[in-house]
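Have a look at the structure below before the remarks.
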Amino acid sequence: MTTARSTATDSAMPGQVTVPPFAVISGAQVQQALQGREPEIVDLVEATYRVHGAGDSVNPPSYFLRFPDRPTSRIIALPASIGGQVRVDGLKWISSFPQNVAAGIPRASAVLILNDHDTGYPFACLESSIISATRTAASAAAAADWLTRGRPRPTRVGFIGVGLIARYIHTFLAGTGWSFAEVGVHDLSADSAAGFRGYLEQSGTSSPIILHDSAEELIRSSDLVVFATVAGQPYISDVSWFDHHPVVLHVSLRDLAPEILLASTNVVDDVEHCLKADTSPHLVEKLTGNRDFLLGTLDDVMAGRVTVPRDGTVVFSPFGLGVLDLAVGKFVYDFFHELRRYG
Ligand SMILES: NC(=O)c1ccc[n+]([C@@H]2O[C@H](COP(=O)([O-])OP(=O)(O)OC[C@H]3O[C@@H](n4cnc5c(N)ncnc54)[C@H](O)[C@@H]3O)[C@@H](O)[C@H]2O)c1
């Protein structure tokens, strides 16, 4: 962590408002702070959902910057403020350039700015692609846990779209106690599938890895299905593929046609956020004119305000909340702050 901002705060009297020093935290440092702490981070994400669900947060709609000359690319601004124990404001600024992958670099890149609760001063700028992937995976692992509590624990996991996010989700599932009899993989790109297989082998998993040629085959042979593609519109509409009633982590949000959601129990992270930007839940709302297809949020499930049916397909569609980035970013900042304070 590097800090810069000369202040006159060292001699400040107790009770005086102080100007916090400014920290720049690199991707390598973020990774150092987060690696191997999956259970702690899932707890943090669950706590953040509870604070958000209780209304102690501000999370306005994300702002999408798009470009006429680069229609597949975008940069999203997620301003947010979270109360509770974390108490921090800030902004995530995350770009998605899918063409990057062919050039050998990740699709998404991001920074996170943290602003001090009392003074508004920005006190940290963190490389944030790892924070974003981490909070996304932690949220998926929390959902996998809570949404399967009333039914036999899934043993066959299947990943559709196996880029960076799928790797993080697998790491978080494994790091929070899941083990699988088999791991299914389906990707339109043979390179991605091979890369994911390499990652799985290195991760030390003992589960057999099965590459599937079609989404149908993968879905039919998985009881926990993870979507992490970059599909812009639904391409799966056959309800019979889900006859065995899997739990689906629909992290990429736009893979499933309304028919699938209408035949499932639907849980989201935040209703207002998720029913935007032509996500699959948003398409259902446009089609039916109502939100009756939603059971509630993951926070509703955790608090017992709603009950997930023991049988039937369950689909979790998380829009991805800026408050989660703040919570994980503050966790990283505190990690280095504590290290410095105690040598
Ligand atoms: N909901 C959230 O909170 C959240 C947060 C972060 C990322 N995401 C989403 O997760 C997705 C994955 O992100 P990533 O960084 O891993 O992307 P990535 O580009 O690294 O990987 C995506 C993979 O999906 C594959 N793919 C694309 N279309 C496919 C299809 N129809 N069938 C099978 N495979 C397909 C690609 O070949 C690629 O390997 C993105 O859509 C991103 O927006 C969601």
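The chain is numbered in sequence order, starting from 1. Each ligand, and each atom within it, is numbered from 1 in the order the structure gives.
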Minimum side-chain heavy-atom gap W93-I76 below 4.5 Å: no
Are V30 and I131 side-chain neighbours, meaning at least one heavy-atom pair lies under 4.5 Å? yes
With heavy-atom distances below 4.5 Å as the criterion, would you say the side chains of T176 and D145 are in contact? no
Under 4.0 Å from any heavy atom of G320, which atoms of ligand 1 are there? 3 (O)
If you measure every N or O of R107 against every N or O of ligand 1, does any of those distances drop under 3.5 Å? yes
Taking the side chain as every heavy atom from C-beta outward, state whether F335 and R37 have any pair of such atoms under 4.5 Å apart. yes
For L164, take its heavy atoms, then give the atoms of ligand 1 lying under 4.0 Å from any of them. 16 (O), 20 (O)
Heavy-atom nearest neighbour of atom 44 (C) of ligand 1 within options D325, I160, V251: V251
Less than 4.0 Å is my threshold; does some heavy atom of H273 fall inside it relative to ligand 1? no
Considering only heavy atoms of R74, which atoms of ligand 1 have at least one such atom less than 4.0 Å away? 43 (O)
Would you verify whether the NZ or CZ of R66 falls within 45 degrees of the ring axis of F64 while also being under 6.0 Å from that six-membered ring's centre? no
Taking the ring centre of each residue, are F227 and F159 less than 6.0 Å apart? no
Are side-chain N/O atoms of T171 and Y199 paired as donor and acceptor at under 3.5 Å? yes
On a heavy-atom basis, I'd like to know which of T229, V230, I169 is closest to atom 41 (O) of ligand 1. T229
Hey, does A108 sit under 4.0 Å from ligand 1 if you only count heavy atoms? no
Within ligand 1, which atoms have a heavy atom of F319 less than 4.0 Å away? 1 (N), 2 (C), 3 (O)
Show which atoms of ligand 1 fall inside a sub-4.0 Å distance from at least one heavy-atom site of V101. 19 (O)
With a cutoff of 4.0 Å, is R135 in contact with ligand 1, counting heavy atoms of the residue only? yes
Which of the atoms of ligand 1 are close to P318, meaning less than 4.0 Å from one of its heavy atoms? 1 (N), 2 (C), 3 (O)
Minimum distance, heavy atoms only, to atom 37 (O) of ligand 1: which one of L188, D187, I165, T279 is it? D187
Sidechain N-carboxylate O distance under 4.0 Å for E285, K276: no
Ligand-side contact atoms (ligand 1) for residue partner S252, heavy atom cut-off under 4.0 Å: 41 (O)
